[in-house]
Amino acid sequence: MSHPKIAIVGPQAGQSLNVLGAPMLVMSAGTAGPLFVADHPLPAGYAVPPHVHDGDDEAFFVVEGELTLDTDDGTRVAATGSFVHLPAGVRHGFRNETAGVTRLLVLGSSVSKLAPMFRDLDRLTARGGFGPADVGAACAAHGVTIG
């Protein structure tokens with residue numbers, strides 16, 4: 001019987017991305033099976049519009065700062081130390097309304113969809129000159145609908 005191997009990804013050993021102006025260090029691609037894990041510091045004023053993941057649960061652990069979360073149930077604030085679970089199919093958006101950095105540990109149920117989506121968004125950022133339709137198309141290719 002074979003056993004899965006333990007994976008340890010050291011500090012700063014993950015894949016560094018720029019997701020539309022916010023850094024993301026993906027720690028899990030290819031190392032943690034289906035689980036997606038990333039360190040995602042959000043600069044002051046950074047916002048992600050409402051969107052839906054068609055088949056992936058997403059979760060945040062707020063490591064630093066506070067996160068303003070928008071859902072169809074209203075707006076809520078998650079302070080440092082909060083855990084936020086967003087089941088697949090639940091519309092949500094979020095933003096950093098503080099004057100400092102809000103740092104998230106991002107968890108997702110599928111590295112096979114989330115990691116490639118964030119890589120595509122990194123490529124858009126590097127290319128520049130993109131608009132909302134480009135972001136929407138990159139996300140839709142990975143099962144995420146903006147709006």
Side-chain angles (χ1 to χ4, degrees), residues 4 7 9 11-147:
V9 179
Q12 303 305 314
Q15 182 181 22
S16 293
L17 303 175
N18 181 339
V19 180
L20 307 175
M24 176 179 274
L25 185 62
V26 178
M27 302 298 288
S28 61
T31 63
L35 183 64
F36 177 84
V37 180
D39 181 5
H40 196 25
L42 309 178
Y46 187 82
V48 173
H51 61 280
V52 175
H53 298 260
D54 68 357
D56 292 309
D57 282 8
E58 185 176 36
F60 306 131
F61 181 80
V62 183
V63 176
E64 176 184 346
E66 65 181 36
L67 184 69
T68 301
L69 184 71
D70 296 309
T71 69
D72 291 340
D73 294 330
T75 300
R76 296 164 67 183
V77 174
T80 299
S82 296
F83 177 75
V84 178
H85 176 234
L86 301 157
V90 172
R91 186 174 174 272
H92 62 281
F94 56 90
R95 60 191 180 279
N96 175 6
E97 292 186 330
T98 73
V101 170
T102 292
R103 187 169 160 219
L104 305 177
L105 177 62
V106 180
L107 307 165
S109 60
S110 171
V111 74
S112 64
K113 283 187 179 182
L114 295 174
M117 179 185 73
F118 288 122
R119 284 187 202 110
D120 285 352
L121 293 174
D122 175 72
R123 282 190 282 278
L124 273 180
T125 305
R127 185 185 82 201
F130 59 88
D134 300 305
V135 173
C139 292
H142 303 285
V144 175
T145 304
I146 304 290

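Below, all heavy atoms of this structure are taken into account, side chains as well, without hydrogens, waters or symmetry copies.
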Q. Under 3.5 Å, side chain of Asp122 to main-chain N/O of Asn18, donor-acceptor pair present?
A. yes
Q) Do any N or O atoms from the side chain of Asp39 and from the backbone of Leu105 form a donor-acceptor pair under 3.5 angstrom? A) no
Q: Say whether, by atom type as modelled, one donor and one acceptor occur between the side chain of Asp70 and the main chain of Gly93 under 3.5 angstrom.
A: no
Q: Please check if the side chain of His40 supplies one atom and the backbone of Pro23 the other of a donor-acceptor pair under 3.5 Å.
A: yes
Q) What heavy-atom pair brings Ala88 and Asp54 nearest, and what distance separates the two atoms? A) CB-O, 4.2 Å
Q: Return the minimal non-hydrogen interatomic distance between Thr125 and Phe130, and the atom names on each side.
A: CA-CE2, 3.8 Å
Q | Backbone of Gly65 reached by a side-chain donor or acceptor of Thr80 within 3.5 Å | A | yes
**Q.** Pairwise side-chain contact, Arg76 with Val84, heavy-atom cut-off 4.5 Å (strictly under)
**A.** no
Q) Is a donor on one side and an acceptor on the other found under 3.5 Å between the side chain of Ser82 and the backbone of Val62? A) no
**Q.** Backbone N/O of Asp57 and side chain of Ser109: donor-acceptor pair under 3.5 Å
**A.** yes
Q | Mutual orientation of the aromatic rings belonging to His51 and His53 [parallel < 30°, tilted 30-60°, perpendicular > 60°] | A | perpendicular
Q. Under a 4.5 Å cut-off applied to non-hydrogen side-chain atoms, are Arg95 and Thr75 in contact?
A. yes
**Q.** Any side-chain heavy-atom pair of Val9 and Val37 under 4.5 Å
**A.** no
Q: Could you tell me whether the side chain of Leu42 reaches within less than 4.5 Å of the side chain of Phe94, counting heavy atoms only?
A: yes
Q) So which heavy atom on Val101 is nearest to which on Pro41, and how close? A) CG1-CB, 3.8 Å
